[in-house]
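Report on one structure; see the data block that follows.
Quick caveat: nothing in here was measured; it's all calculated off a predicted structure. The figures that follow rest on heavy atoms only: side chains count, while hydrogens, waters and symmetry mates do not. Whatever order the structure lists them in is the order used to number ligands and atoms, beginning at 1.
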Amino acid sequence: MTNQTEVLVPDIGGFKDVSVIDVLVKDGQQIEKETPLITIETEKAAMDVPAPVAGRIAQVKLKQGDKVSEGSLILLLEPSAAAAATSAAASAETGNSPATAGADAASPTASTSRAAPAPAATAPPAPPVSDAATRTTTTSTAAAAAAPTAAAIDEVAFSKAYASPSVRKFARELGADLGRIKGTGVKDRITQEDVKAHVKGILAAKQAPAPAAAGGSALPKVPVVDFGQFGPVEIKPLSRIQKISGARLQASWINLPHVTQHEDADITDLEVARAALKSQASQEGVRLTPLAFIVKACLLALREFPRFNSSLDAGGENLVLKKYFNIGFAADTPNGLVVPVIANADRLSLYEIARVLATMSEKARAGKLKNTEMQGGTFTISSLGGIGGTAFTPIINAPEVAILGVSKSSQKPVYDRGAFLPRLMLPLSLSYDHRVIDGAEAARFVVFLAKTLGDVKALL
Ligand code: CAO
């Protein structure tokens, strides 16, 4: 015949008809001594009632919501052989009555047990499993090593969280911060399942694919929408160039703190000079657009402000100031955006720059640029002047530190010595990496650039 022991609610400090808010074990379960059996809630606190001895649970006699007092039957236990022998010996030695052994006035210790029918299994004193005792429990090394959360636990929030001692202990072992967990139990109490779900969530987030941009932190996802439910759609794959440039633009946008500085350059005189040169240029097979002048002006500005012709090194500790001037220019092609690079542009004349601009644009549109013709840029210009618009915020072609956006020039009234004069104004938009360039330096750069474009003699 199997020996069964009644496990009873111990002295709970005189509280009566206390609610059972959680039953933590089930029939047939093998348990160790001090395994939490039930969680009860007095007016003061929630507390666990631990097992007095190890064994197998024959039958749980309580359910969530029951009311208990000292001596209420929790469950029938078949003590393990070792537990039965130990408790029998302890009982013979001390003569402790099962009902009082280890009882603590303020909190339940081990639940008491009563032999049913024999032999009696006495409960040896167990350390109090009070809330405070659990709170000071330190996480074991193994648990700390396996802890899913690198973030430190907010002790104040942890102690205020509404959870039973066993759940607190469980959370400690996993390194989970109770203060961050929303309870789903009775009166929003945090259950063991809530802790598990929280930890699983963290692990799942850690295993999620890294964001496209190296160095960026995990980004919140854009919602996935089934567009077809709102109307007809057509799926068109991105071109290879769009995929490559899209990832690079996103990497730059995420990793570089962008600021854009705007300025208008007075190019009235420049346009007069360009018109005068145009026919001669076309006789030489050169299509002279404002962009060639802008490249020239940028080269002068880059010499004056060398930080704009630099990059941060990989560690972000040093600035690499480049002594060569390779100017990239954004080109709009049927397959997407590409950036051909005019190598050593500072060694070229205005006409030579115009010629290279034209030939590289042609090659870009025909998809015939070599990789080497898109590498090594030190500063980029993105001109939308042939299309329109008044200003925009270009994205830096990282690891460069600045990019000049150019919009369409237009006649504007400019106040000069008592009168408004019609002047051809060219909008400039300089985006810069604020880690490398200060706002004042960027403003000086665009002011210098505008002044240079206004003084066409310096560009010829
Ligand atoms: N204001 C007014 N007119 C301008 C101008 C400006 N800022 N810039 C160019 N124009 C005029 C040109 O003079 C030309 O007119 P004419 O033939 O009468 O002289 C006309 O606009 C067309 O110029 P263009 O665009 O063919 O030539 P370009 O040298 O100015 O530019 C290129 C070459 C390759 C930069 C350009 O064709 C291009 O692709 N631009 C788009 C760049 C882009 O997509 N940037 C966005 C990148 S993502 O942020």
* Which ligand 1 atoms are under 4.0 Å away from a heavy-atom of Leu426? -> 7 (N)
* Would the number of heavy atoms belonging to other residues, nucleotides or ligands and lying under 6.0 Å from CD of Gln375 be above 12? -> yes
* Numbering the atoms of ligand 1 from 1, which are under 4.0 Å from a heavy atom of Ala330? -> 35 (C), 42 (C), 45 (N), 47 (C)
* Structure fact -> d(Leu37 CG, Ile31 CD1) to nearest 0.5 Å is 5.0 Å
* Protein contact of atom 6 (C) of ligand 1 - nearest heavy atom, named by residue and atom, plus distance -> Gly385 CA, 3.4 Å
* Asked: Under 4.0 Å from ligand 1, counting heavy atoms only, is it the side chain of Ser361, its backbone, both or neither?
  -> side chain
* **Leu291 contact mode with ligand 1 (heavy-atom cut-off under 4.0 Å)** => side chain
* Structure fact -> the protein heavy atom lying closest to atom 29 (O) of ligand 1 turns out to be Thr289 OG1, 2.7 Å
* **Proximal ligand 1 atoms for Ala331, defined as those under 4.0 Å from one of its heavy atoms** => 39 (O)
* Using a 4.0 Å heavy-atom threshold (strictly under), name the region of Arg365 that reaches ligand 1: side chain, backbone, both or neither. => side chain
* Would atom 15 (O) of ligand 1 count as contacted, meaning some protein heavy atom under 4.0 Å? -> no
* **Over 12 foreign heavy atoms within 6.0 Å of CD, Gln411** => yes
* To do: Around atom 2 (C) of ligand 1, find the nearest protein heavy atom and jot down its residue, atom name and distance.
  => Ser409 OG, 3.2 Å
* Asked: Among Asp416, Asp264, Asp266, which one satisfies salt bridge (Lys or Arg N to Asp or Glu O under 4.0 Å) with Arg423?
  -> Asp266
* Structure fact -> Rounded to the nearest 0.5 angstrom, the CZ-SG distance for Arg303 and Cys298 is 13.5 Å
* Validate the cation-pi geometry between Arg172 and Phe158: distance from NZ or CZ to the six-membered ring centre under 6.0 Å, angle to the ring axis within 45°. => yes
* Asked: Side chain, backbone, both or neither: which part of Glu362 comes within less than 4.0 Å of ligand 1 when only heavy atoms are counted?
  -> neither
* State whether Glu271 and Arg274 are salt-bridged, where the test is any N-O pair (Lys NZ or Arg NE/NH1/NH2 against Asp/Glu carboxylate O) under 4.0 Å. => yes
* Should Lys196 and Glu193 be marked as a salt bridge (Lys or Arg N to Asp or Glu O under 4.0 Å) after you check the CA-CA gap, both sets of side-chain angles, and the distance that decides it? -> CA-CA 5 Å; Lys196 279 186 200 164; Glu193 291 309 311; 3.3 Å; yes
* **Ile387 and ligand 1 - part of the residue with a heavy-atom distance under 4.0 Å** => neither
* Asked: How long is the span from the OG atom in Ser19 to the CG atom in Asp66, to the nearest 0.5 Å?
  -> 9.5 Å
* Lys/Arg N to Asp/Glu carboxylate O, Glu352 vs Arg355, below 4.0 Å -> no
* Is it the case that more than 12 heavy atoms not belonging to Arg248 sit under 6.0 Å from its CZ atom? -> no
* Report the nearest protein non-hydrogen atom to atom 11 (C) of ligand 1: residue, atom name, distance rounded to 0.1 Å. => Gly386 CA, 4.1 Å
* Asked: Backbone, side chain, both or neither: what part of Ser407 comes under 4.0 angstrom of ligand 1, heavy atoms only?
  -> backbone
* Structure fact -> Short version for Leu384: what comes under 4.0 Å of ligand 1, heavy atoms counted, is side chain
* Asked: Between Arg287, Met425, Lys408, which one has a non-hydrogen atom sitting closest to atom 17 (O) of ligand 1?
  -> Arg287
* Can you list the ligand 1 atoms lying under 4.0 Å from a non-hydrogen atom of Arg274? -> 13 (O), 19 (O)
* State plainly whether the residues Lys169 and Asp48 are in salt-bridge range, i.e. N to O under 4.0 Å. => no
* Selection from Ala292, Gly336, Ala354, Ser383 by shortest heavy-atom distance to atom 40 (N) of ligand 1 -> Ser383
* To do: Please identify which atoms of ligand 1 are closer than 4.0 Å to at least one heavy atom of Leu337.
  => 47 (C), 48 (S)
* Asked: What protein heavy atom sits nearest atom 49 (O) of ligand 1, and how far away is it?
  -> Ser382 OG, 4.0 Å
* Asked: Nearest 0.5 Å, what's the CD1-OG1 distance between Ile327 and Thr380?
  -> 8.0 Å
* Asked: Which residue holds the protein heavy atom closest to atom 13 (O) of ligand 1, what is that atom called, and what is the gap in Å?
  -> Pro290 CD, 3.2 Å
* So which protein heavy atom does atom 39 (O) of ligand 1 come closest to, and at what separation? -> Asp332 N, 2.9 Å
* Asked: Would you say Gln242 has more than 12 foreign heavy atoms packed within less than 6.0 Å of its CD?
  -> yes
* Structure fact -> If we number the atoms of ligand 1 from 1 as shown, the ones under 4.0 Å from a heavy atom of Lys278 are 18 (O), 19 (O)
